[in-house]
There are 2 protein chains.
Amino acid sequence: MTPTIKDVAAHAGFSIATVSRAINAPHTVNPVTLEKVRQSIEALDFRPSPLGRQLRGERSRLIGVVLPTIANPVFAECLQGIDELAAAQGFRLMLMTTQYDTERERHAIETLREQRVEGLILTVADADTHALLDDLDRSGMLYVLMHNDTVRRPSVSVDNRLAAFEGVRMLIAHGHRHILMLAGTLAASDRARLRHVGYTQAMQQAGLAPAPALEIDFNADELAPSVLAHLTGSQRPTALFCSNDLLAMVVMRGLRRAHLDVPRDMSILGFDGLAMGELLAPPLSSICSPNREIGCAAWRRLIARIDGSYADASLSLTLPHTLREGATIAAISNGAQAPLVPRAREVNEGATHPAAPSSPYSAADPTTQTAHLPD
Amino acid sequence: MTPTIKDVAAHAGFSIATVSRAINAPHTVNPVTLEKVRQSIEALDFRPSPLGRQLRGERSRLIGVVLPTIANPVFAECLQGIDELAAAQGFRLMLMTTQYDTERERHAIETLREQRVEGLILTVADADTHALLDDLDRSGMLYVLMHNDTVRRPSVSVDNRLAAFEGVRMLIAHGHRHILMLAGTLAASDRARLRHVGYTQAMQQAGLAPAPALEIDFNADELAPSVLAHLTGSQRPTALFCSNDLLAMVVMRGLRRAHLDVPRDMSILGFDGLAMGELLAPPLSSICSPNREIGCAAWRRLIARIDGSYADASLSLTLPHTLREGATIAAISNGAQAPLVPRAREVNEGATHPAAPSSPYSAADPTTQTAHLPD
DNA sequence: GTGAAAGCGCTAACAA
DNA sequence: TTGTTAGCGCTTTCAC
């Protein structure tokens, strides 16, 4: 089996203590001895087990990362930032995903604690009412939340409410009156709920009627018929505020299949600022959170706390969001409903989707006024 | 500090042996004792350290995963598959990324071995000439490669050469004669090199002249001027075979900014089958590798080898690829160059990119013949 | 049914 | 400079 320090000692003809010193404090051992030990290590392909060291009470240099999924690039981008710093600072990462499931969150945290991680970086479904986090607080386990937007716990995020507020206000400034918010499962995301608060406030401030968020299963291949009805019916909104970029992309596909043009027939504003959104045609307008930087900041705060150099009293760090203009938002002259006009190109595109129905809409209306956003 | 089995024993008034039994073989201890011990464990918030167990020679239940990056969804998709199975089977994952850098690959493998992983799942830059993998073979460390397409080592991938061959043949069948292959850094990807072989063979079979792959930095914000010149000059190709989907998306953005329409002015075929490609407009035509399934298959093979139940003699597993038709490939009537025609909509879009130059191309030509792919 | 003790790989305090 | 030894948390004989 894997060689131990004993094997090396026997092979080199010294005691295990000497071997240990040769590894951990080379300068304290006779150069000749050192060389012999080195050769034995080489010959046996020995590498010191971290078990022994950790058993001696040393640091595990292990950090646990708990994310809902890495299929959503938001989290992959964070993880990338974390991974960079971890590698540079000689830490190892243990990753667990939860699929937004509370039971799996519990299990992940438990598993990582068993592994004696020195700290945790996590994104959970709901940061405020999370008994598990209370447990962590109580037991002194160090952790930092990412994306979870709460002042009650150590966390790094953007100001979700404010960002959504500003985004929706911008939609309103472009003439939109009937704006709907789309989200995944609200129960699985405290961020989404805060974003809905921001949406509601912006609408109310403008004297408009906010609507409840429309929940979407954005793993499905098609938009649900009921959702599609909402978006294409006579009472359809002129703009959609999507709780995240992935959702926005799925909705855009659904609209395209229904022969609606973005942004002419429907404006779209996403949230997350996925790098990929820029590659779309048209590029997705989005409220950008600095995902990679959120990961890096969470890492720094966690390590600072672990090292005890954490003087900053403020628990939660709010990073600035930005608006990526993109090209999925059109200005409209008034809140009136623009008629839906299929275009030849859209019909062609639709033809590549066997399920796409022929257009139910009326012919072109030259009075439709559509202006693109200025620079 | 974290409580140990000793603390529990003292608290419960029994020996550590009894506590250990209460945890690992509850039926062998007196129910009353068991209950007391349980309460002490609860009271102290004790969780058994894996160190002690592993020290006793038990399995670490730890698997190392080494990937170039998780910023590319190809790898995130694989990892998602691996993670699912790992969680279900009670294994932990330790993740390290390499950014396609050989030195970091070395470091990652070394680190994971030190951690006593039971096996490794990896994607490396070059599977065939990799001394590190030889080391693994020699030392009996179990591993399975993902994506690396080689018969010389345990691996799971698609047949990259064949897939590329078929894809390019399909382009040719659609009338394309001047087809260029674009890639990232060939040196960093044995897959890309195999795909270029497939491209070359398809071209030669059709009596066409294959070109060397054009290497692209697809992390840059803009396509390099020299690349753009290749794609827009008078000798420009009518179709691009992109070595991966992310690259294809970046190229599509570059073409859009240069006022070229996909697929009218240029057809694009990607490779990877990223879920996200489907969300593009038009949806990206791509040779799809079953990324998630590749991850799952790699996991199963690794675990089978670890459990010793690996009877299958064939080292490498080739999974079937598929073609996602998408809508980025146009049929052309002949190999002649279609004139470039900017359209009003494109100019509008270009306006959102401050750097976009005004169109250098001539006015619309109604004779341009463009047909979309049939269903 | 329970406890005492050895030993897993390693480090560090102490001895030689 | 090198060796001896205790002990880290735990499981597992072997006695009781």
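Below, chain A is the first sequence line, B the second, and so on; all start at residue 1. For clarity, every value in this text was computed on a predicted model and none was experimentally measured.
Contacts of A:Ser49 with the nucleic acid, taken as non-hydrogen atoms under 4.0 Å apart, involve only primed sugar atoms and P, OP1 or OP2.
Comparing A:Ile16 and A:Pro31 by the nucleotide of DNA chain D whose heavy atom lies nearest to each, the residue mapping closer to the 5' end is A:Pro31.
Under the 3.5 Å distance criterion, the side-chain polar atoms of A:Gln80 are matched with a main-chain donor or acceptor of B:Ile70.
Under a 4.0 Å N-O distance rule, the pair B:Arg138/B:Asp135 qualifies as a salt bridge. One finds a salt bridge joining B:Glu293 and B:Arg300 here, because a Lys/Arg side-chain nitrogen approaches an Asp/Glu carboxylate oxygen to under 4.0 Å.
Scanning for side chain to side chain donor-acceptor pair (under 3.5 Å) contacts around A:Asp45 gives A:Arg47, with sequence neighbours left out.
At a non-hydrogen distance threshold of 4.0 Å, nothing from residues 33-43 of chain A comes into contact with DNA chain C.
When distances are taken from the side chain of A:Val29 to each of D:dT2, C:dT2, D:dC10, the shortest belongs to D:dT2.
For B:Thr18, a side-chain nitrogen or oxygen approaches OP1 or OP2 of C:dG3 to under 4.0 Å. Between B:Lys6 and D:dC10 there is no side-chain polar atom (N or O) within less than 4.0 angstrom of OP1 or OP2.
A donor-acceptor contact under 3.5 Å is formed by the side chain of B:Arg21 with the base of C:dG3.
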Please tabulate, one pair per line, all N/O donor-acceptor pairs under 3.5 Å involving side-chain atoms of residues 22-34 of chain A, not counting sequence neighbours.
| unit_1 | atom_1 | unit_2 | atom_2 | d |
| --- | --- | --- | --- | --- |
| A:Asn24 | ND2 | A:Ser20 | O | 3.0 |
| A:Asn24 | ND2 | A:Ser20 | OG | 3.4 |
| A:Thr28 | OG1 | A:Ala25 | O | 2.8 |
| A:Asn30 | OD1 | A:Val32 | N | 2.7 |

